[in-house]
Amino acid sequence: SKINISVTEIITHLIKLGIMASINQEIDFDTAEVIASELDIKVELENVEEEVHSILEEYEDEDDEKDLMKRPPVITVMGHVDHGKTSLLDAIRHTSVTSREAGGITQHIGAYTVQINNESITFIDTPGHEAFTAMRLRGAQITDIAILVVAADDGVMPQTVEAINHAKAAKVPIIVAINKIDKESANPDRVLQELTEHGLIAEAWGGDTICVPVSAHTGEGIDTLLEMILLSAEMLELKANPKRLAKGSVVEAQLDKGRGAVATLLINTGTLRIGDIVVSGTTYGKVRAMVNDKGKRLKSAGPSAPVEIIGLSEVPEAGDEFYVVKDDKTARQVSEMRKHYLKDQQVKKSAPLSLDDLYNQIQEGAVKDINIVIKADGQGSVEALKQSLFKLTNDEVRVNVIHDGVGAISESDVLLASASNGIIIGFNVRPGANVSKIAEKEAVDIRLYRVIYDAIEDVEAAMKGMLDPEF
Ligand code: GDP
């Protein structure tokens with residue numbers, strides 16, 4: 001109806017192409033394009049992010065080496081429930097001198113900065129690997145170093161292992177904080193021992209993982225932990241260009257009755273100033289006011305600084321990127337393009353992997369690694385699956401088991417698979433309540449098996465299909 005051509009005419013064209021289509025059948029873009037060109041009509045595939053990218057491209061310019069300056073590290077705290085993540089974040093906030101500065105009232109804005117030895121460290125205030133990977137899923141890789149909290153009286157637990165694998169999948173280095181050393185029952189050596197089973201070998205034991213004994217309660221070891229963070233950051237050579245327009249990620253956002261959309265932004269590079277035009281997702285606006293985590297009003301903020309701003313037209317999504325653009329028109333254009341597109345369909349960042357189209361993806365050169373999360377009903381099956389899957393690795397394709405564990409398939413598994421473009425193999429287990437829904441939304445391929453051999457065979461078959469033909 002848009003092009004004012006009758007259905008019969010289009011069906012006739014389709015039949016000529018050998019497609020026996022009916023009136024309510026969908027056709028793919030390539031077919032539509034062929035027919036459109038016969039009818040002298042130009043069709044374009046709507047790929048909003050590509051178009052948006054072409055607009056934002058000028059803000060992606062390479063930095064001049066001489067403009068690059070050291071920036072503070074951004075830290076996320078992870079670990080098993082009750083091992084003291086929240087307590088540690090609180091303890092760190094309170095040991096910092098700056099939070100006790102006159103007039104400084106700590107604000108919970110989703111991230112905070114502490115100072116030690118005249119250097120800054122930024123902490124993300126939402127602990128846990130789920131939050132970390134959820135942010136990653138939306139495109140934000142903001143964490144430079146992960147602090148893995150392990151309670152010295154409890155040792156490595158299932159979520160400790162999850163956290164390790166989430167950090168590894170994101171290629172974020174890990175520093176271990178062995179917490180609760182004030183407790184009678186604390187056994188730090190046992191923790192070190194258990195960590196070796198997951199590839200984290202303490203420096204004291206000849207490895208390269210920094211492990212610091214701490215107590216969130218007494219404050220013992222916290223300064224050392226902060227110093228170790230700075231030391232690791234030094235080696236990462238984190239740099240940014242404060243001279244450019246700011247770019248970064250949304251950490252948190254909500255609607256405030258009086259102030260409108262309030263968003264915490266973490267600046268990745270550049271300097272953010274009052275009056276700047278910010279665009280993030282479908283929302284945009286002028287920065288009207290900006291405060292830091294101590295409630296101090298700011299005129300500008302540089303790389304790695306978390307700031308709370310007001311002035312956006314709507315509440316942005318946590319994990320989305322933000323850009324400062326040069327004028328209101330550009331911001332509106334980007335926002336409207338995305339809004340228009342969202343009306344029709346949800347933006348999917350990239351099509352996740354499924355065993356079924358592994359072959360095609362490899363053909364396109366899109367996949368050289370198969371990332372797999374294994375969940376099974378017993379450690380024996382986990383190991384058997386892992387070993388057999390590893391053996392499938394060949395010259396063309398590498399099979400990586402990015403996480404494995406005993407128990408039901410969880411939300412964390414789905415997030416990890418999605419963020420790592422992986423699939424999930426369940427052996428004698430099912431997805432937990434709600435998890436199937438999330439998997440469907442994220443389009444994560446979950447395969448359930450009762451026979452180990454079937455699982456191996458499926459993966460192998462998918463891989464065989466994608467091997468380059470040999471002559
Ligand atoms: P999270 O679930 O990892 O965020 O853990 P929390 O920070 O909520 O701590 C869980 C429990 O452990 C709380 O009762 C804390 O008071 C306690 N806890 C945390 N850190 C320490 C510590 O260093 N020493 C002792 N004795 N208890 C701690």
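Counting starts at 1 for both ligands and their atoms, following the listed order. Along the sequence shown, the residues carry numbers beginning at 1.
Of the protein's heavy atoms, at least one falls inside 4.0 Å of atom 10 (C) of ligand 1. Distances from atom 2 (O) of ligand 1 to the protein include at least one heavy-atom value under 4.0 Å.
Between M78, H217, K183, it is H217 that holds the heavy atom closest to atom 27 (N) of ligand 1. Nearest to atom 4 (O) of ligand 1 by heavy-atom distance, out of L89, T86, V149, D82, is T86.
With ligand atoms numbered from 1 in the order given, ligand 1 contributes 22 (C), 23 (O), 24 (N), 25 (C), 26 (N) to contacts under 4.0 Å with heavy atoms of D182. Every atom of ligand 1 is numbered from 1 in the order shown, and the set under 4.0 Å from a heavy atom of H80 is 3 (O). The ligand atoms of ligand 1 that sit less than 4.0 angstrom from a heavy atom of S215 are 23 (O).
In the model, E321 has no side-chain atom that pairs as donor or acceptor with a side-chain atom of S249 under 3.5 Å. In this model, no donor atom of one side chain and acceptor atom of the other lie less than 3.5 Å apart for D90 and S87.
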#### Entry: Step-by-step side chain to side chain donor-acceptor pair (under 3.5 Å) determination, D154 to H83
CA-CA 8 Å; D154 204 22; H83 279 196; 2.8 Å; yes

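The main-chain N or O of G79 is found under 3.5 Å from a side-chain atom of K85 such that the two form a donor-acceptor pair.
The nearest protein atom to atom 23 (O) of ligand 1, hydrogens excluded, is given as A216 N, 2.9 Å; this is a heavy-atom distance. When hydrogens are left out, the protein atom nearest atom 7 (O) of ligand 1 is S87 OG, 2.6 Å; that is the closest non-hydrogen contact. Counting protein heavy atoms only, atom 5 (O) of ligand 1 is closest to G84 N, 3.1 Å. Protein heavy atom in closest approach to atom 12 (O) of ligand 1: K180 NZ, 3.0 Å. Given atom 20 (N) of ligand 1, the protein heavy atom at minimum distance is N179 ND2, 3.2 Å.
Of all heavy-atom pairs between V156 and V161, the closest is CG1-CG2, 3.8 Å.
Looking only at side-chain heavy atoms (C-beta outward), Y323 and T330 stay at 4.5 Å or farther from each other.
Ring-centre distance between F427 and Y449: not below the 6.0 Å cut-off.
With salt bridges taken as basic N to acidic carboxylate O contacts below 4.0 Å, none links D320 and R338.
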